[in-house]
Peer 1: 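Here it is: the structure, laid out below.
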Amino acid sequence: MLLLLQYTLIFASVLLLVALGGCFSEHSGVINIGLEGIMVMGALGGALMMKFLPAGTSAFVVVLLTVLASILLGMIYSLLLAVAAVNFKADQTLVDTAMNLLGTAAATVFVKAMNTAADPDNVSSTIQYLDGRKAFLVNIGGFEFNWCMLLAVIALVIAYVVLYKTRFGLRLCACGEHPQAADSVGINVYRMRYAGVLISGVLGGLGGIVYIIAGVSEWKFENGVAGFGFLALAVMIFGQWKPTRIALAALLFGFFRALGNVYSGFDLLSNLNLPSSVYNMLPYVISLVVLAFTSQKSRAPKAEGIPYDKGQR
């Protein structure tokens, strides 16, 4: 049971961070289906930092630099969406799809080239970070606490305050609901949409590194992030683009994802003799069922996905 709680919280942390990132982007008016690619880039930045940090580096420095590297690379990668959607008014869904494909492909090519340069016989896309991962973990009475769980809670509180208690949040939401009205009172819609997308890059990149250190000490980047970016989108929609509801949805989906890791520890589930793949696909099946029943009542920001034209009223 303790292991189930541990995995539920860490997977919920991933979903919460990434879904909050999508929430900021879509509240600004930009659809961000490219969270999968952003997660891969964030995971790459953090994994490289853990790999190349010298042995003996303090745990605090490892955590800090790894988080910063993930945030930075995720934010830089999200600029592709910001430039395409805001400056060039491109179709946001197509750009997001391209980002998802490019993220995994670029990370795989880069890691393979790096490994081959170090050892011509090593053509894998794997990065190992055993020592770096240990810096994130604290054992509390058999419970493996991950500092990323705390980061997710902090991100939730900040997201709630920023969206509902600050002028910035009010302006961001206005740009996603009625950008022409926002512009008429002096709000720079382009700047706010850039901010929303960059924030999604920050949180998506952070979610990427949290995902790959959740249960393993190495990651094969050709696997991407196993659809967690899309699962986070389902969490965001189920949570109605509201941080507190997103947190509850993340816990629900995180629980079903955790079952795929620990089901063998429960006699009732083990006796069913179901293949592990059934439990691994549970969160995705649940997401389809949930969205089928709730999507009609969902209320997305009215102007999301619509390129803003300053001359249009």
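Numbers for residues simply follow the sequence, beginning at 1.
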Peer 1: If only atom types and distance count, is the side chain of T57 paired as donor or acceptor with the main-chain N or O of P54 below 3.5 Å?
Peer 2: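 Checking the backbone N and O of P54 against the side chain of T57, a donor-acceptor pair under 3.5 Å is found.
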Peer 1: Checking the side chain of N100 only, and the main-chain atoms of I33 only, is there a donor and an acceptor separated by less than 3.5 Å?
Peer 2: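 Flag set: sc N100 to bb I33 pair under 3.5 Å.
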Peer 1: Rounded to the nearest 0.5 Å, what separation is found between the CD1 atom of I10 and the CZ atom of R257?
Peer 2: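 The distance works out to 12.0 Å.
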Peer 1: With a 4.5 Å heavy-atom cut-off, do V202 and F24 have their side chains touching?
Peer 2: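 No; the side chains remain at least 4.5 Å from each other.
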Peer 1: According to the side chain to side chain donor-acceptor pair (under 3.5 Å) rule, which pairs have a member within residues 150-179, sequence neighbours left out?
Peer 2: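 Counting only pairs at least two positions apart or across chains, the side chain to side chain donor-acceptor pair (under 3.5 Å) contacts touching residues 150-179 are E177-R299.
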Peer 1: Would you name the heavy atoms of T104 and E222 that are closest together and state the gap between them?
Peer 2: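 Residues T104 and E222, closest heavy atoms: CG2-O, 3.9 Å.
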Peer 1: For F143, what residues pass the ring-ring contact (aromatic ring centres under 6.0 Å, His included) criterion, not counting sequence neighbours?
Peer 2: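 Applying ring-ring contact (aromatic ring centres under 6.0 Å, His included) to F143 gives none.
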Peer 1: Could you note down all residue pairs passing salt bridge (charged side-chain N to carboxylate O under 4.0 Å, His left out) where residues 134-155 supplies at least one of them, sequence neighbours left out?
Peer 2: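 Qualifying pairs, neighbours excluded: R133-E144.
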Peer 1: Could you go step by step and tell me if V67 and L206 meet the side chain to side chain contact (heavy atoms under 4.5 Å, CB included) rule?
Peer 2: CA-CA 6 Å; V67 166; L206 183 56; 3.8 Å; yes
Peer 1: Do L163 and C23 have side chains that approach each other closer than 4.5 Å (heavy atoms only, starting at C-beta)?
Peer 2: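 SC-SC contact between L163 and C23 confirmed.
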Peer 1: Got a donor-acceptor contact below 3.5 angstrom from the Y7 side chain to the V262 backbone?
Peer 2: no
Peer 1: Can you tell me how far CE of M236 sits from OG of S25, rounded to the nearest 0.5 angstrom?
Peer 2: 8.5 Å
Peer 1: Is there a side-chain contact between K112 and N115 (heavy atoms, below 4.5 Å)?
Peer 2: no
Peer 1: Not counting sequence neighbours, which residues clear side-chain hydrogen bond (donor to acceptor under 3.5 Å, both in side chains) with E36? List them please.
Peer 2: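 In terms of side-chain hydrogen bond (donor to acceptor under 3.5 Å, both in side chains), with neighbours along the sequence ignored, E36 is linked to no residue.
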Peer 1: With side chains defined as the heavy atoms from C-beta onward, is the minimum distance between S28 and M192 less than 4.5 Å?
Peer 2: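 Sidechains of M192 and S28: no contact.
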Peer 1: Does one hydrophobic cluster hold both V210 and V153, with members joined at side-chain heavy-atom distances below 4.5 Å?
Peer 2: no
Peer 1: Only one of I38, L101, V30, N32 clears side-chain contact (heavy atoms from CB on, under 4.5 Å) with D96; which?
Peer 2: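 Exactly one pass, corresponding to N32.
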Peer 1: Apply side-chain hydrogen bond (donor to acceptor under 3.5 Å, both in side chains) to D91 and list each qualifying residue two or more places apart in sequence or on a separate chain.
Peer 2: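 side-chain hydrogen bond (donor to acceptor under 3.5 Å, both in side chains) check on D91 returns nothing, list empty.
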Peer 1: Do L248 and L252 make a side-chain contact, defined as non-hydrogen atoms from C-beta onward lying under 4.5 Å apart?
Peer 2: no
Peer 1: If you count the non-hydrogen atoms of other residues, nucleotides and ligands that lie under 6.0 Å from NZ in K302, is the total more than 12?
Peer 2: no
Peer 1: Using a distance-only test with no angle check, is there a side-chain donor-acceptor pair under 3.5 angstrom linking D183 and Y190?
Peer 2: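 On atom types as modelled, these side chains do not qualify, holding no pair under 3.5 Å.
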Peer 1: Determine whether F110 and L79 fall in the same hydrophobic cluster, where Ile, Leu, Val, Met, Phe, Trp and Tyr are linked whenever their side-chain heavy atoms lie under 4.5 Å apart.
Peer 2: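 Same cluster: F110 reaches L79 through Ile, Leu, Val, Met, Phe, Trp or Tyr contacts under 4.5 Å.
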Peer 1: Does the plane of the ring in Y211 sit parallel, tilted or perpendicular to the ring in F228? Use 30° and 60° as the thresholds.
Peer 2: tilted
Peer 1: Is there side-chain contact between L102 and Y77, with heavy atoms separated by less than 4.5 Å?
Peer 2: yes
Peer 1: Measure the shortest side-chain to side-chain distance between L72 and L68 over non-hydrogen atoms and say whether it is less than 4.5 angstrom.
Peer 2: no
Peer 1: Roughly how far apart are L17 CG and I246 CD1, rounded to 0.5 Å?
Peer 2: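 Reported to 0.5 Å precision, the distance equals 11.5 Å.
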Peer 1: Is the distance between the ring centroids of F230 and Y284 under 6.0 Å?
Peer 2: no
Peer 1: Of all residues at least two apart in sequence or in a different chain, which pass the ring-ring contact (aromatic ring centres under 6.0 Å, His included) check with F168?
Peer 2: none
Peer 1: Hey, what do you get for OH (Y308) to CD (Q180), rounding to the nearest 0.5 Å?
Peer 2: 5.5 Å
Peer 1: Are any of the side-chain heavy atoms of V197 and R193 separated by less than 4.5 Å?
Peer 2: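 In short, these two side chains do not touch, never coming nearer than 4.5 Å.
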